[in-house]
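In what follows, a structure is listed as structure tokens, so that the remarks can point back to it.
What you see is a predicted model, and the numbers here were worked out from it, not measured in a lab. Values reported hereafter were calculated over all heavy atoms of this structure, with side chains retained and with hydrogens, waters and symmetry mates removed.
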Amino acid sequence: MAGSFVEIQIPQQKLYSGIQFPVVITTSPAASFTLSALTKTIEAQKPYLEAQLRKSGAVLFRGFPVNSASDFNDVVEASGFEEFPYVGGAAPRTNVVGRVFTANESPRDQKIPFHHEMAQVPEYPAKLFFFCEVEPGSGGETPIVLSHIVYERMKERYPEFVDKLEEHGLIYNRVLGEDDDPSSPIGRGWKSTFLTKDKSIAEERAAKLGMKLEWLEDGVKSIMGPIPAIKYDSTRQRKIWFNSMVAAYTGWEDARNDPVKAVTFGDGSPLPAETIYDCLKVLEEESVAIPWHKGDVLLLDNLAVLHSRKSFSPPRRVLASLCK
């Protein structure tokens with residue numbers, strides 16, 4: 001407990017080395033919290049919140065009066081974390097207000113596989129906020145999983161595969177149309193990916209990300225890599241499964257993209273399907289899926305935690321904000 005924040009336990013949490021994942025924070029029932037009291041407490045308690053995030057990797061705020069996108073924007077601003085511009089990401093998103101965007105707008109019947117946000121590009125956000133504005137009719141959770149646990153389990157089970165990943169890294173290939181395709185989980189067109197209509201500016205921005213572009217008749221093929229698949233989290237001194245391998249291999253599928261070709265070893269050789277699907281099982285087994293309540297705000301350390309999205313029946317509106 002710190003100041004006006006109270007830590008509680010909920011049934012879905014997991015315990016790793018005595019640490020709750022995620023940490024769940026609420027307000028004591030007696031406290032009639034206003035939005036302004038919440039933002040002031042976040043500002044005052046920033047060292048406490050950062051310590052919780054460092055320790056657990058994820059913090060869920062539950063039971064606070066965060067009712068709209070603009071309320072959520074106030075919460076993000078109060079955190080003091082700098083905004084991260086969404087350049088180079090694959091998901092179709094719309095800016096709602098201030099620093100707030102829709103989360104991935106792909107169709108509700110599709111699962112979004114586990115990934116670190118923008119792990120397929122060299123510059124990625126350090127922290128992510130999610131906010132439940134409208135809770136789902138059913139399903140629609142945002143499952144989370146600790147990256148170092150996935151690394152440890154895969155290293156134990158497939159040491160040679162993991163060694164090859166560490167040695168060669170991964171190459172990601174994705175074909176982008178000109179405009180956004182909301183029917184696809186990776187449907188962001190090249191114009192909104194690179195925030196320009198000019199091909200030469202798109203090439204410059206891609207090059208800054210270390211990405212090569214090959215122009216096609218009705219779009220562009222982007223080639224990223226080789227980039228590392230395993231990173232070292234120096235804050236926590238452990239290796240992490242920092243890649244979009246399973247997401248790309250099992251989910252980067254639409255009219256333009258074949259997921260099996262979406263990701264390869266850094267030397268261009270194909271990934272073993274069986275191992276990828278086993279990794280998917282590990283991710284599922286270790287994950288925590290907490291049903292969304294209206295007003296929930298989830299803060300994730302993008303280096304420590306992978307996230308996904310389950311399919312859902314409407315309504316559901318979950319918003320996101322990316323931070324440095």
Side-chain angles (χ1 to χ4, degrees), residues 1-31 33-66 71-84 99 116-119 124-132 142-152 231-242 286-290 293 295-307 320-324:
M1 179 176 164
S4 308
F5 287 146
V6 181
E7 285 172 47
I8 56 166
Q9 290 185 9
I10 59 173
Q12 294 86 0
Q13 283 166 304
K14 288 196 169 172
L15 206 60
Y16 290 100
S17 309
I19 296 164
Q20 291 288 355
F21 176 68
V23 170
V24 183
I25 290 174
T26 188
T27 169
S28 54
F33 246 69
T34 59
L35 180 68
S36 141
L38 172 60
T39 56
K40 286 193 176 87
T41 308
I42 288 171
E43 285 166 10
Q45 298 290 343
K46 191 173 177 189
Y48 161 77
L49 290 172
E50 286 189 318
Q52 294 302 318
L53 191 62
R54 194 161 51 247
K55 184 175 78 173
S56 174
V59 178
L60 174 65
F61 298 82
R62 174 160 279 181
F64 293 99
V66 188
D71 291 354
F72 174 47
N73 192 63
D74 289 351
V75 167
V76 174
E77 289 282 4
S79 75
F81 301 136
E82 207 181 324
E83 182 173 11
F84 181 93
R99 297 170 56 171
H116 285 279
E117 194 62 35
M118 298 174 69
Y124 44 82
K127 298 172 188 75
L128 318 172
F129 281 95
F130 291 101
F131 160 62
C132 178
T142 300
I144 53 177
V145 63
L146 282 165
S147 193
H148 72 287
I149 300 290
V150 180
Y151 171 79
E152 285 165 13
K231 281 195 188 297
Y232 184 71
D233 178 354
S234 52
T235 308
R236 299 174 183 86
Q237 301 192 324
R238 61 197 187 197
K239 285 186 176 177
I240 49 172
W241 194 253
F242 197 84
E286 297 292 346
S287 69
V288 170
I290 299 170
H293 290 189
D296 280 354
V297 173
L298 179 63
L299 169 59
L300 301 182
D301 183 320
N302 191 37
L303 267 180
V305 176
L306 300 99
H307 65 279
S321 187
L322 312 183
C323 304
K324 288 184 178 175

So do the side chains of [X] and [Y] get within less than 4.5 Å of each other, counting heavy atoms only?
X: Leu128; Y: His307; value: yes
X: Gln12; Y: Leu60; value: no
X: Ile25; Y: Tyr48; value: yes
X: Phe131; Y: Val76; value: no
X: Lys46; Y: Phe81; value: yes
X: Pro22; Y: Val288; value: yes
X: Ile42; Y: Phe5; value: yes
X: Leu299; Y: Leu53; value: yes

I need the [X] [atom1] to [Y] [atom2] distance, nearest 0.5 Å.
X: Ser36; Y: Asp71; atom1: OG; atom2: CG; value: 11.5 Å
X: Glu43; Y: Leu49; atom1: CD; atom2: CG; value: 11.5 Å
X: Gln20; Y: Glu7; atom1: CD; atom2: CD; value: 9.0 Å
X: Thr26; Y: Arg62; atom1: OG1; atom2: CZ; value: 9.0 Å
X: Ser321; Y: Lys127; atom1: OG; atom2: NZ; value: 12.0 Å
X: Glu117; Y: Cys323; atom1: CD; atom2: SG; value: 11.5 Å

How close do Ala58 and Leu300 get, counting heavy atoms only, and between which atoms?
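Nearest heavy atoms, Ala58 then Leu300: CB-CD2, 3.6 Å.
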Considering non-hydrogen atoms only, spot the tightest contact between Gln13 and Gln9 and give its length.
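Result for this residue pair: OE1-CA, 3.0 Å.
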Can you check whether [Y]'s main-chain N or O pairs, donor with acceptor, with [X]'s side chain at less than 3.5 Å?
X: Arg99; Y: Leu322; result: no
X: Ser147; Y: Trp241; result: yes
X: Asn302; Y: Pro125; result: yes
X: Glu50; Y: Pro47; result: no

Go through the steps to decide whether Glu286 and Phe21 satisfy the test side chain to side chain contact (heavy atoms under 4.5 Å, CB included), and finish with yes or no.
CA-CA 11 Å; Glu286 297 292 346; Phe21 176 68; over 6 Å; no
With ring pair (Phe, Tyr, Trp, His ring centres under 6.0 Å) as the test, would you mind laying out the steps for Phe129 and Phe61 before giving the verdict?
CA-CA 11 Å; Phe129 281 95; Phe61 298 82; 7.4 Å; no
Ring-plane angle category for Tyr124 and Phe242, please: parallel below 30°, perpendicular beyond 60°, tilted otherwise.
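Judged by the thresholds at 30° and 60°, the geometry between Tyr124 and Phe242 is tilted.
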Who passes salt bridge (Lys or Arg N to Asp or Glu O under 4.0 Å) against Glu82, sequence neighbours left out?
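Lys324.
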Carefully, step by step, assess Thr235 and Leu303 under the rule side chain to side chain contact (heavy atoms under 4.5 Å, CB included).
CA-CA 10 Å; Thr235 308; Leu303 267 180; 5.7 Å; no
Quick one: do Leu298 and Val59 satisfy side chain to side chain contact (heavy atoms under 4.5 Å, CB included)? Show the steps, please.
CA-CA 6 Å; Leu298 179 63; Val59 178; over 6 Å; no
Go through His148 and Asp233 one step at a time and tell me if the side chain to side chain contact (heavy atoms under 4.5 Å, CB included) criterion holds.
CA-CA 9 Å; His148 72 287; Asp233 178 354; over 6 Å; no
